[in-house]
Asks: 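Attaching a single structure in structure tokens format; questions to follow.
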Amino acid sequence: MPQTIVIKIGTSSLTQPQTGQLALATIATLVEILSQLRQQGHQVILVSSGAVGVGCARLGLTERPKAIAQKQAVAAVGQGRLMRVYDDLFNTLQQPIAQVLLTRGDLVSRSRYVNVYHTFAELLKLGVIPVVNENDTVAVDELKFGDNDTLSALVASLVEADYLFLLTDVDRLYSADPRSFPDAQPIALVKNIEQLTQMQVKTSDRGSQWGTGGMTTKIAAARIATAAGVRTVITEGRFPHNICKILQGEPLGTQFEPQSQPNRARKRWIAYGLIPMGKLTLDKGAVTAIAQEGKSLLAAGVMAISGEFDSQEAVELCDMQGRAIARGIVNYSSAELQKILGRHSREISTILGYAAAETVVHRDNLVLNYQD
Ligand SMILES: Nc1ncnc2c1ncn2[C@@H]1O[C@H](COP(=O)(O)OP(=O)(O)O)[C@@H](O)[C@H]1O
Ligand SMILES: N[C@@H](CCC(=O)OP(=O)(O)O)C(=O)O
């Protein structure tokens with residue numbers, strides 16, 4: 001059956017660790033495999049890192065730049081080179097590709113989110129392989145994915161992919177970073193992400209010399225993708241043939257099973273597309289009402305707020321221990337909410353001097369169990 005497959009390849013697999021030069025054999029094999037998958041009727045999206053790494057190699061820099069402006073300038077050099085290589089290789093196999101550069105802001109605005117969805121749908125319909133990266137050159141700190149693991153999971157969720165492959169420089173997830181702990185145990189299957197806490201898996205966020213985020217961002221990506229119903233696999237980028245073997249059922253890499261009842265598209269956008277601008281602390285009754293009884297959040301159950309937000313922005317809902325239990329779109333600004341928290345809904349219009357929403361977060365705009 002044709003599947004929608006998102007493949008993310010990290011800098012550590014695309015470049016030679018010593019020199020930062022492109023790992024041409026890996027890239028060429030990947031291009032062959034992805035073109036084959038297309039010919040078999042699958043829909044394929046490639047999320048490729050490497051703009052900064054390739055830009056550094058082109059400019060003779062021996063370290064990843066730290067200053068933002070320098071990173072953005074270097075990415076502008078590298079992204080063009082990277083696309084040139086991809087287009088030459090894919091073109092040899094008559095496979096059309098497209099460059100899609102995204103910023104976090106493109107997924108925050110509902111209309112832009114829907115627009116991006118339509119663009120992907122159209123490209124896939126045309127048989128094109130979109131090659132996606134963060135638009136590093138214009139991304140600003142507050143509106144950044146920061147790492148392509150998260151970006152690829154959001155793309156997989158957006159297009160409702162069947163598979164997300166995270167290709168990296170280790171063969172799978174281990175109980176701890178195998179670079180520092182050679183005795184770390186390999187993990188083949190993760191039925192649900194909470195299992196990793198029970199197994200006390202340590203995922204240092206120190207990546208390889210050129211990578212960003214290490215294993216921590218890959219687990220965060222697996223959480224987003226599996227919650228959207230996408231089977232997620234961490235496997236080694238040096239062997240792109242493994243993608244086909246895994247699709248045929250071989251137990252390679254670390255495979256994360258998808259959630260059987262994923263949230264619907266709009267709720268996924270609320271949970272992961274939006275960026276929470278503040279936090280509401282709820283009393284016990286409100287936690288039970290929203291988490292167990294499926295109710296909306298009322299002002300009476302809000303004990304405290306933090307952050308500054310406007311009405312219709314996203315907020316995180318926390319219990320009294322500070323645990324994030326949900327995310328939602330709030331009907332009041334932080335200034336309004338400060339005046340009405342703990343109060344009964346019927347008092348709101350008298351306190352504010354105007355009639356406003358009955359709920360603080362309506363249940364249709366609330367997504368439970370959000371976790372980083
Ligand atoms: N628990 C773990 N299991 C496997 N690798 C880990 C773990 N924790 C940290 N790592 C490190 O994560 C690195 C991969 O992350 P990164 O360099 O960001 O890759 P990429 O460029 O592919 O995104 C590995 O080289 C490994 O050293
Ligand atoms: N957008 C950046 C990649 C950021 C990133 O997540 O890198 P990596 O950890 O190598 O996947 C680039 O193209 O260099």
Asks: Closer than 3.5 angstrom, by distance alone: can the side chain of K245 be matched with the main-chain N or O of L252 as a donor-acceptor pair?
Replies: no

Asks: Given F256, which of L196, V230, V233 fulfils the side-chain contact (heavy atoms from CB on, under 4.5 Å) condition?
Replies: L196

Asks: What's the shortest heavy-atom distance between V302 and L282, and which atoms?
Replies: CG2-CD2, 4.4 Å

Asks: Give a yes or no on whether a salt bridge exists between R264 and E160, defined as a side-chain N under 4.0 angstrom from a carboxylate O.
Replies: no

Asks: Quick one: OG on S49 to CG on L151, what's the gap to the nearest 0.5 Å?
Replies: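 Output value for this atom pair is 8.5 Å.
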
Asks: Give the intermediate values and the outcome of side-chain hydrogen bond (donor to acceptor under 3.5 Å, both in side chains) for residues Q95 and S35.
Replies: CA-CA 6 Å; Q95 173 57 54; S35 302; 5.0 Å; no

Asks: Are more than 12 heavy atoms from other residues, nucleotides or ligands located less than 6.0 Å from atom CZ of R58?
Replies: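 Incorrect, the count does not exceed 12.
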
Asks: Would you mind checking if R223 and E194 are paired as a salt bridge, meaning a charged N to carboxylate O distance below 4.0 Å?
Replies: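 Yes, this pair counts.
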
Asks: Identify the residue among T168, D149, D147 that makes a side-chain hydrogen bond (donor to acceptor under 3.5 Å, both in side chains) with K8.
Replies: D149

Asks: Give the C-alpha distance, both sets of side-chain angles, the deciding distance and a yes or no for side-chain contact (heavy atoms from CB on, under 4.5 Å) between K218 and I234.
Replies: CA-CA 8 Å; K218 290 177 188 32; I234 296 175; 4.0 Å; yes

Asks: Would you say E308 has more than 12 foreign heavy atoms packed within less than 6.0 Å of its CD?
Replies: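 No, CD of E308 has 12 or fewer neighbouring heavy atoms, counting only those of other groups under 6.0 Å.
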
Asks: Should we say atom CZ of R84 is surrounded by more than 12 heavy atoms from elsewhere, each under 6.0 Å from it?
Replies: no

Asks: If every non-hydrogen atom of L107 is compared with every non-hydrogen atom of Y113, which pair is closest and at what distance?
Replies: O-CD1, 3.5 Å

Asks: Taking R38 for its side chain and H42 for its backbone only, find out whether a donor-acceptor pair lies under 3.5 Å.
Replies: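 At least one qualifying donor-acceptor pair exists.
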
Asks: Please name the pair of heavy atoms, one in G127 and one in P96, separated by the smallest distance, quoted to 0.1 Å.
Replies: O-CG, 4.2 Å

Asks: Could you walk me through whether T235 and D171 satisfy the side-chain contact (heavy atoms from CB on, under 4.5 Å) test, starting with their C-alpha distance in whole Å, then the side-chain angles of each, then the deciding distance to 0.1 Å, before giving a yes or no?
Replies: CA-CA 5 Å; T235 184; D171 62 340; 5.9 Å; no

Asks: Should the heavy atoms of other residues, nucleotides or ligands under 6.0 Å from CD of Q261 be counted, would the total exceed 12?
Replies: no

Asks: Within a reach of under 6.0 Å around CZ of R172, are more than 12 heavy atoms found that belong to other residues, nucleotides or ligands?
Replies: yes

Asks: Are there more than 12 heavy atoms of other residues, nucleotides or ligands under 6.0 Å from atom CD of E358?
Replies: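 No, not enclosed.
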
Asks: Determine the minimum heavy-atom distance between V52 and V74, stating which atoms define it.
Replies: O-CG1, 3.4 Å

Asks: Should the pair R179-D169 be classified as a salt bridge under the 4.0 Å nitrogen-to-oxygen rule?
Replies: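 Yes, charged N to carboxylate O under 4.0 Å.
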
Asks: Which atoms form the tightest heavy-atom contact between G307 and S334, and what is the distance?
Replies: O-CB, 3.6 Å

Asks: Search all heavy atoms of G328 against all heavy atoms of V361 and return the closest pair with its distance.
Replies: CA-CG1, 3.9 Å

